[in-house]
Amino acid sequence: MTSKPIKSSNKLLTFDANKVTNIKLVWDIEELRSQDNHENSKEHTIGDEEDETGDENGPVSFHPTFSHQIFVDEIVQGYEPCKIDIYMGAGSLTPYIHTNYTLQSKNLTNVEGELLKVFSKQDPPISKQSFYEYIEEKEKLFKPVGKKIHEYTIIDKETGEETEYEVYFGRITDQTVFRYHEKLQIFVLWYIDGSSYIWTDDPNWDIFFIFEKRIIDGEKRYGITGYSTIYNFYHHPEQTRARISQYLILPPYQRMGHGKYLFNSIYQYYKTNDGFYGPVYDVTIEDPADEFNLLRNYVDLKNIIDDKLFDNVVLDLNANNKLLFEEIRKKLLIPYKQSKICLEIYLFSKLLGTPLSDPIYTEYRITIKKRLFKQNIGDSEQIEKIKQQVAEENEENLLLEQQELQELQDIENEKNGTNIKVQINKESITPPEPEKSKKEIEKDRLEEILRLYQELEYNYLKTLSSLNLTTK
Ligand SMILES: CC(=O)SCCNC(=O)CCNC(=O)[C@H](O)C(C)(C)COP(=O)(O)OP(=O)(O)OC[C@H]1O[C@@H](n2cnc3c(N)ncnc32)[C@H](O)[C@@H]1OP(=O)(O)O
């Protein structure tokens with residue numbers, strides 16, 4: 001597919017790497033043939049517009065969200081047309097890079113070269129000819145890695161069509177899991193901001209995979225839908241703390257419930273199986289993205305409600321719920337802090353429609369704002385302190401510089417009988433920001449807390465709406 005450049009200068013163009021990259025998951029050779037026929041027929045159409053829809057019988061195609069770990073500033077530089085199609089076997093993940101950007105040149109991005117750096121070294125991309133020749137066989141032979149732990153069916157709301165999925169668990173020490181993960185992990189660069197490849201020499205990694213199951217020519221085939229990597233930490237005395245590190249549902253499968261199924265499969269697995277250091281104490285998350293928090297809140301609150309664990313809770317966030325949170329952790333592996341968030345959301349459902357002046361609602365807002373203040377303003381105080389320090393250092397450096405220059409000038413003055421005073425150009429160094437008054441700082445802080453609180457209520461409402469808890 002060609003693409004429109006986002007900026008042009010001296011004929012050399014810059015393209016948005018996310019927009020020009022098309023990732024295509026191929027289930028069988030027929031999809032490729034269908035796509036090629038479609039492309040050929042387009043070439044014969046006179047004056048045709050760019051076909052945005054593509055061929056519905058061709059492989060499913062989607063764009064990355066992030067490319068900065070592959071292309072500097074998410075930009076590809078070169079000339080029209082810019083083609084970057086990354087084909088992968090839907091199950092085997094056998095890759096083939098289809099691009100016309102392969103040159104080593106100062107001005108042009110060597111797309112192929114940059115992509116090769118992040119693809120698996122053990123199973124690197126193959127040529128177009130090999131891909132067309134072998135992909136059918138590779139997909140036919142591919143079997144999910146690890147051990148099957150769960151299966152479920154999703155029904156398309158519009159068509160009523162049922163699709164089956166299977167969840168697999170594997171340890172990184174299993175060589176088939178290790179090798180499969182090595183091919184798969186390129187997706188975290190494309191979809192999880194700031195992610196990096198995991199250190200797979202470490203035996204503490206577990207991986208959960210979801211595969212879609214299809215029957216093609218009377219035989220089962222599998223395609224990757226999503227996956228999660230989990231690190232096993234030690235927890236005193238002989239327990240494991242399982243921490244979700246990377247969590248990804250591929251774009252064509254998002255918002256269909258797979259994130260929920262994967263999460264519950266992880267919980268279920270660790271409830272009934274030991275981790276690396278013994279029974280699992282709880283499941284925590286490493287640096288969760290906002291969307292992931294929404295998924296987590298949804299899953300955790302649903303599980304708590306389904307187990308009726310909030311049935312007798314009092315409408316007060318300051319009540320002592322230690323025993324309840326301990327029970328939730330033991331039954332559902334949800335850590336204390338997360339149970340508190342779930343309680344906030346649950347209590348919010350009881351306060352919907354309550355006037356702002358209601359004392360219970362007022363107390364609720366104050367308690368949460370205090371929490372937000374502690375979590376966020378503490379940090380900004382640190383920033384203010386650091387800023388102050390830098391300003392003081394700048395001031396000190398300025399004085400030192402002035403002294404040194406004056407000493408030199410004094411020698412000159414003595415020689416020439418002059419009396420010149422050194423004047424430092426203060427603008428050459430960054431002047432410290434004018435100090436804010438106490439009142440202004442207070443105002444900024446309150447505004448920030450208000451913004452955070454509004455965002456929180458908005459997100460809580462989204463979760464309650466997904467759980468059908470917006471009507472009392
Ligand atoms: C630890 C980490 O790795 S953080 C990084 C997490 N990964 C990413 O951000 C990569 C890209 N995104 C994804 O992989 C997925 O979209 C995920 C993991 C965030 C969510 O998975 P999905 O399969 O899309 O979620 P699923 O369909 O199961 O959603 C269940 C509920 O969670 C909530 N939810 C999930 N995603 C979202 C979202 N983007 N916005 C709002 N609510 C959401 C909703 O309540 C949803 O119910 P609803 O669809 O009935 O309203």
Side-chain angles (χ1 to χ4, degrees), residues 18 21 23 25 60 62-69 150 152-158 163 165-167 181 184-198 205-212 223-233 241-268 282-306 334-335 337-338 341-342 344-346 348-349 455-470:
N18 293 324
T21 305
I23 303 162
L25 296 178
V60 56
F62 46 99
H63 302 292
T65 309
F66 306 106
S67 292
H68 56 272
Q69 301 212 50
H150 187 54
Y152 58 91
T153 303
I154 288 198
I155 303 168
D156 188 305
K157 282 183 199 127
E158 279 165 23
T163 311
Y165 295 88
E166 296 181 358
V167 184
H181 170 262
L184 185 55
Q185 63 180 344
I186 188 167
F187 282 100
V188 299
L189 302 187
W190 283 323
Y191 295 106
I192 303 182
D193 200 9
S195 62
S196 48
Y197 286 174
I198 63 170
W205 288 105
D206 292 341
I207 310 184
F208 291 78
F209 307 90
I210 307 179
F211 290 96
E212 179 189 339
I224 190 75
T225 300
Y227 82 108
S228 177
T229 55
I230 318 269
Y231 195 81
N232 285 246
F233 281 97
R241 181 162 248 185
R243 190 174 73 180
I244 294 178
S245 176
Q246 296 156 327
Y247 199 98
L248 172 66
I249 302 299
L250 294 184
Y253 296 99
Q254 285 171 11
R255 292 310 284 278
M256 293 164 71
H258 294 293
K260 172 187 76 181
Y261 282 113
L262 184 58
F263 217 137
N264 279 328
S265 302
I266 293 170
Y267 277 142
Q268 197 50 40
D282 61 9
V283 176
T284 61
I285 322 290
E286 178 185 348
D287 199 10
D290 292 346
E291 289 81 10
F292 186 83
N293 276 330
L294 289 165
L295 168 71
R296 183 192 196 191
N297 292 346
Y298 169 91
V299 170
D300 288 345
L301 183 54
K302 183 163 187 347
N303 288 341
I304 291 172
I305 290 173
D306 286 351
I334 300 172
K337 235 173 140 182
Q338 175 62 7
I341 302 281
C342 289
E344 285 181 7
I345 304 173
Y346 183 73
F348 188 54
S349 76
E455 195 178 286
L456 175 142
E457 270 204 4
Y458 177 72
N459 285 334
Y460 285 6
L461 204 57
K462 273 205 234 171
T463 303
L464 293 174
S465 158
S466 298
L467 290 166
N468 292 322
L469 287 175
T470 41

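On a predicted model such as this, the values are computed, not experimentally measured, just so you know. All ligand and atom numbering here is 1-based and tracks the order in the structure.
Listed here is the closest heavy atom pair of Thr21 and Pro64: O-CD, 3.5 Å. The heavy-atom pair separating Ile192 from Tyr247 by the smallest distance is CD1-O, 3.5 Å.
Residues forming a side-chain contact (heavy atoms from CB on, under 4.5 Å) with Leu467 (at least two apart in sequence, or on another chain): Tyr298, Leu301, Lys302, Thr463, Leu469.
When only interatomic distances are considered, the shortest N/O to N/O separation between Leu248 and ligand 1 does not fall below 3.5 Å. Where the criterion is an N or O separation shorter than 3.5 Å, residue side chain and backbone included, Gly257 meets it with respect to ligand 1. Checked against a 3.5 angstrom limit, the closest N/O atoms of Ile192 and ligand 1 fall outside it. The shortest N/O to N/O separation between Ile249 and ligand 1 falls below 3.5 Å. Considering backbone and side-chain N/O of Ser466, one or more are found under 3.5 Å from N/O of ligand 1. The shortest N/O to N/O separation between Gln246 and ligand 1 does not fall below 3.5 Å. Looking at Tyr247 next to ligand 1, an N or O pair under 3.5 Å apart turns up.
Near Ser245, the atoms of ligand 1 lying under 4.0 angstrom from a non-hydrogen atom of the residue are 1 (C), 2 (C), 3 (O). Distances below 4.0 Å separate heavy atoms of Met256 from the following atoms of ligand 1: 27 (O). Proximity to Ile285 (heavy-atom distance under 4.0 Å) selects the following atoms of ligand 1: 1 (C). Of all the atoms in ligand 1, the ones that sit under 4.0 Å from a non-hydrogen atom of Ala289 are 4 (S), 5 (C). Atom numbering of ligand 1 starts at 1 in the shown order; those under 4.0 Å from a heavy atom of Glu286 are 1 (C). Ligand 1 places these atoms under 4.0 Å from at least one heavy atom of Tyr191: 10 (C). Counting the atoms of ligand 1 from 1 in the order shown, those under 4.0 Å from a heavy atom of Lys260 are 28 (O).
Between Phe187 and Tyr191, the ring-plane angle classifies as parallel under the 30° and 60° cut-offs.
A donor-acceptor contact shorter than 3.5 Å is absent between the side chain of Thr470 and the backbone of Ser465. Here the side chain of Tyr227 pairs no donor or acceptor atom with the backbone of His181 at under 3.5 angstrom. No donor-acceptor pair under 3.5 Å is formed between the side chain of Ser245 and the backbone N or O of Ile230. Panel note: side chain Gln185, backbone Ser196; no donor-acceptor pair is recorded below 3.5 Å. In this structure, the side chain of Ser265 does not engage the main chain of Val167 through any donor-acceptor pair within 3.5 Å.
Remark: minimum distance from atom 23 (O) of ligand 1 to any protein heavy atom is reached at Gly259 N, 2.7 Å. Protein heavy atom closest to atom 19 (C) of ligand 1, with residue, atom name and distance, is Glu291 CB, 3.8 Å. Here the protein heavy atom with the shortest distance to atom 11 (C) of ligand 1 is Gln254 NE2, 3.7 Å.
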Asn264/Asn303 under side-chain hydrogen bond (donor to acceptor under 3.5 Å, both in side chains): CA gap, chis, key distance, verdict: CA-CA 9 Å; Asn264 279 328; Asn303 288 341; 2.9 Å; yes
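Using a 4.0 angstrom heavy-atom cutoff, Pro251 does not count as in contact with ligand 1.
At a threshold of 4.5 Å between non-hydrogen side-chain atoms, the residues Asp282 and Gln338 do not count as touching. Counting heavy atoms from C-beta outward, Ile210 and His150 have side chains that stay 4.5 Å or more apart.
Counting heavy atoms under 4.0 Å from ligand 1, residue Thr463 does not touch it at all.
A side-chain hydrogen bond (donor to acceptor under 3.5 Å, both in side chains) check over residues 248-261, counting only residues at least two apart or in different chains, returns the pairs Tyr152-His258, Glu212-Tyr253.
Nearest-heavy-atom check against atom 33 (C) of ligand 1 across Leu464, Leu294, Asn459 picks out Leu294. Residue nearest to atom 20 (C) of ligand 1, selected from Asp193, Leu295, Thr225, Asn293: Leu295 (by heavy-atom distance). Within the set His258, Lys462, Arg255, the minimum heavy-atom distance to atom 43 (C) of ligand 1 is found for Arg255.
Taking a distance limit of 4.0 Å, we find that atom 17 (C) of ligand 1 is approached by no protein heavy atom.
Tyr231 has its ring centre less than 6.0 Å from the ring centre of Trp205.
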